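Note that the structure is a prediction, hence the values are computed from the model and not measured. All values below were derived from every heavy atom in this structure, side-chain atoms included, with hydrogens, water molecules and symmetry-related copies excluded.
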Amino acid sequence: MEKTLSRGEKLGYGVADVGASLTFVAVNTWLLYFLINIVRLEPLLAGIIFVLGRVLDAVLDPFMGVLSDRLKSRLGRKVFIRWGAVPLGISFALLWLVPDGGQALKFGLALLFFCLFSVLYTVVQVPYMALTPDIARSYDERTSLTSFRMGFGTLASMLAFALPPFIILAFSQSNALASSSPLGWLMMGVVFGLVTVVAYFIMVLTVKEPSNGAVPPKQRGSFLSEYRSAFSIYGFKEIFSLFVVLTVGIMVLNSILPFYLESGLLIQAEAQPLVLGTLFGVAILSFPLWNFVAGRFGKRSSLIAGLVILSSSVLLLTLFSPAGRVSAFLLLMSACAGVGFSAVMLFPWAMLPDVVEFDELEHRQRREGLVYALFTFGQKLAGSIGVFSNAIVAAVFGYQQGVVAQSTTTVTALQMMAGPVSAGIFLLAIVFVLRFPITKQQHQKAQDKLFSNSQKE
């Protein structure tokens with residue numbers, strides 16, 4: 001019988017996602033805004049930074065995954081977290097420096113800092129996520145453990161959305177983020193970087209890594225052959241495609257929200273945290289609800305329900321919320337979006353670990369690091385597409401740097417990206433959910449077969 005994780009172990013594992021989500025969401029939400037309005041880079045150049053940095057990062061993900069698989073028997077996965085957390089926190093703070101100089105110098109330094117952060121994020125986060133199937137072996141236990149991680153992650157996401165305006169404006173004479181002081185952005189980077197380091201080290205000190213070893217290197221093929229073989233794992237192509245589509249939608253929505261709330265709905269920076277806090281606060285409270293629903297109806301049906309709720313709420317929010325104030329309707333739609341967002345955050349990550357057993361059945365080895373690394377590879381490439389799409393929209397529709405009031409054409413473009421475009425992507429994702437083949441019953445059969453094989457050996 002598989003060991004059941006204690007609440008303390010789940011809390012210890014989940015808290016590390018505070019650092020992961022705080023930095024990841026802050027980058028995806030605020031960095032494009034920062035580069036355009038504070039650094040004053042041209043929108044297309046800012047978008048190119050995301051694409052180049054994410055491509056480098058994504059290419060390294062599978063390598064990092066295989067490396068963590070091959071070293072876990074001797075050093076453990078946590079060694080990467082232990083030595084990488086501090087450099088990661090420092091690299092995050094460097095992202096928010098504003099260099100003096102022309103467009104070329106600003107572009108070069110911003111790209112350098114972003115690439116440095118992206119590489120260190122991969123070194124730390126891929127081994128961390130690969131611990132999920134290591135420490136939680138059952139179908140339902142993984143949903144429970146993932147809900148703890150997503151609960152902390154969603155709380156951190158809320159803070160990554162809501163806290164920057166307060167920190168930034170505390171060091172600025174302006175009440176508008178578009179004309180705020182660079183010092184405030186740097187202080188935000190330092191604070192978030194410190195929190196990230198502490199969160200990862202709490203996990204390192206409280207979570208015991210399982211002792212089961214990796215398959216010896218001589219039994220493995222080349223790195224390239226392992227990458228190719230991963231896409232033949234039962235269910236992996238389907239969950240990978242689903243996550244790519246979902247990530248494009250999430251990144252489009254995340255990175256356009258600061259622009260849309262400020263220039264579309266004309267909500268001042270100090271009032272924005274109420275909207276975002278409602279969305280993410282409800283999302284956190286909804287995790288137990290989705291755990292219950294998944295236990296009754298399964299992960300696929302629950303995710304479809306969440307996608308319908310999220311897409312409908314986002315569409316209604318952007319099309320019918322009155323501008324100039326935080327209305328009751330805006331808060332209601334934000335709360336409904338939080339319910340749907342909770343499901344979208346939870347279930348893809350809860351479905352992915354189930355692929356590992358089918359990989360072990362087919363290839364006779366557990367490759368959690370590779371599976372999770374390829375997943376984050378898709379996440380980062382898809383994320384760059386979402387952010388770059390918004391950069392193109394900002395450039396084409398004449399977004400004015402450092403200015404709150406934008407033209408009607410620009411505001412309409414921001415509204416379309418935040419509403420109909422992101423909602424359409426979330427609805428499209430339902431097609432990919434329906435294609436995911438692994439059910440609870442199939443997963444149990446796979447585990448039973450693995451147990452039977454181990455008894456024979």
Side-chain angles (χ1 to χ4, degrees), residues 24-57 95-115 117-118 161 164-165 168 174 176-182 184-185 188-189 247-266 269 272 318 380-422 425:
F24 194 74
V25 173
V27 165
N28 291 322
T29 303
W30 294 106
L31 189 58
L32 183 68
Y33 184 94
F34 170 76
L35 292 175
I36 292 175
N37 285 303
I38 309 304
V39 180
R40 298 298 178 92
L41 274 175
E42 294 296 327
L44 279 180
L45 289 179
I48 289 172
I49 287 173
F50 268 89
V51 172
L52 294 179
R54 289 304 191 203
V55 167
L56 170 65
D57 187 15
L95 285 174
W96 311 98
L97 286 173
V98 181
D100 292 326
Q103 291 283 299
L105 177 62
K106 290 178 178 178
F107 174 83
L109 288 177
L111 177 60
L112 174 64
F113 293 149
F114 186 58
C115 288
F117 165 78
S118 298
F161 266 106
I168 294 161
S174 172
L177 286 176
S179 55
S180 56
S181 167
W185 292 87
M188 181 271 292
T247 302
V248 171
I250 290 171
M251 296 309 176
V252 166
L253 183 60
N254 278 10
S255 60
I256 207 67
L257 270 178
F259 297 91
Y260 179 66
L261 289 176
E262 184 174 55
S263 299
L265 293 181
L266 302 177
Q272 292 180 18
T318 53
K380 290 166 184 176
L381 286 183
S384 68
I385 292 171
V387 174
F388 189 58
S389 299
N390 287 333
I392 292 175
V393 168
V396 171
F397 290 93
Y399 183 85
Q400 299 297 310
Q401 297 167 306
V403 177
V404 172
Q406 302 289 330
S407 69
T408 302
T409 301
T410 304
V411 170
T412 300
L414 298 177
Q415 182 186 47
M416 291 298 293
M417 294 302 291
V421 172
S422 61
I425 296 172

Pairing residues for [X] by the side chain to side chain donor-acceptor pair (under 3.5 Å) criterion, not counting sequence neighbours:
{"X": "S180", "value": "W185"}
{"X": "T409", "value": "none"}
{"X": "S407", "value": "T410"}
{"X": "N254", "value": "none"}

Residues two or more places apart in sequence or in another chain: which of them pass side-chain contact (heavy atoms from CB on, under 4.5 Å) with [X]?
{"X": "A405", "value": "none"}
{"X": "P43", "value": "I36, A394, A395, Q401"}
{"X": "I392", "value": "L44, F388, V396"}
{"X": "V393", "value": "F397, A413, M417"}

Can you check whether [X] reaches [Y] side chain to side chain, under 4.5 Å on heavy atoms?
{"X": "W30", "Y": "V25", "value": "no"}
{"X": "F259", "Y": "L32", "value": "yes"}
{"X": "I38", "Y": "V98", "value": "yes"}
{"X": "L52", "Y": "F114", "value": "no"}

Return the [atom1] to [atom2] distance between [X] and [Y], rounded to the nearest 0.5 Å.
{"X": "I425", "Y": "M251", "atom1": "CD1", "atom2": "CE", "value": "12.0 Å"}
{"X": "Q406", "Y": "L266", "atom1": "CD", "atom2": "CG", "value": "10.5 Å"}
{"X": "Y260", "Y": "Q272", "atom1": "OH", "atom2": "CD", "value": "12.0 Å"}
{"X": "L41", "Y": "F107", "atom1": "CG", "atom2": "CZ", "value": "8.0 Å"}
{"X": "F50", "Y": "L111", "atom1": "CZ", "atom2": "CG", "value": "11.5 Å"}
{"X": "F161", "Y": "L261", "atom1": "CZ", "atom2": "CG", "value": "9.0 Å"}

request  = Quick one: closest heavy-atom pair of G189 and W96, and the distance?
outcome  =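 Here G189 and W96 meet closest at CA-CD1, 3.5 Å.
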Considering all heavy atoms, the nearest P99-L109 contact =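 Result for this residue pair: CB-CD1, 3.5 Å.
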key: Sidechain-backbone polar pair: S422 side chain, G419 backbone, donor-acceptor under 3.5 Å   =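 Answer holds: yes.
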Contact list for [range], test side-chain hydrogen bond (donor to acceptor under 3.5 Å, both in side chains), sequence neighbours left out:
{"range": "residues 98-109", "answer": "none"}
{"range": "residues 36-45", "answer": "N37-Y399"}
{"range": "residues 382-391", "answer": "S255-N390"}

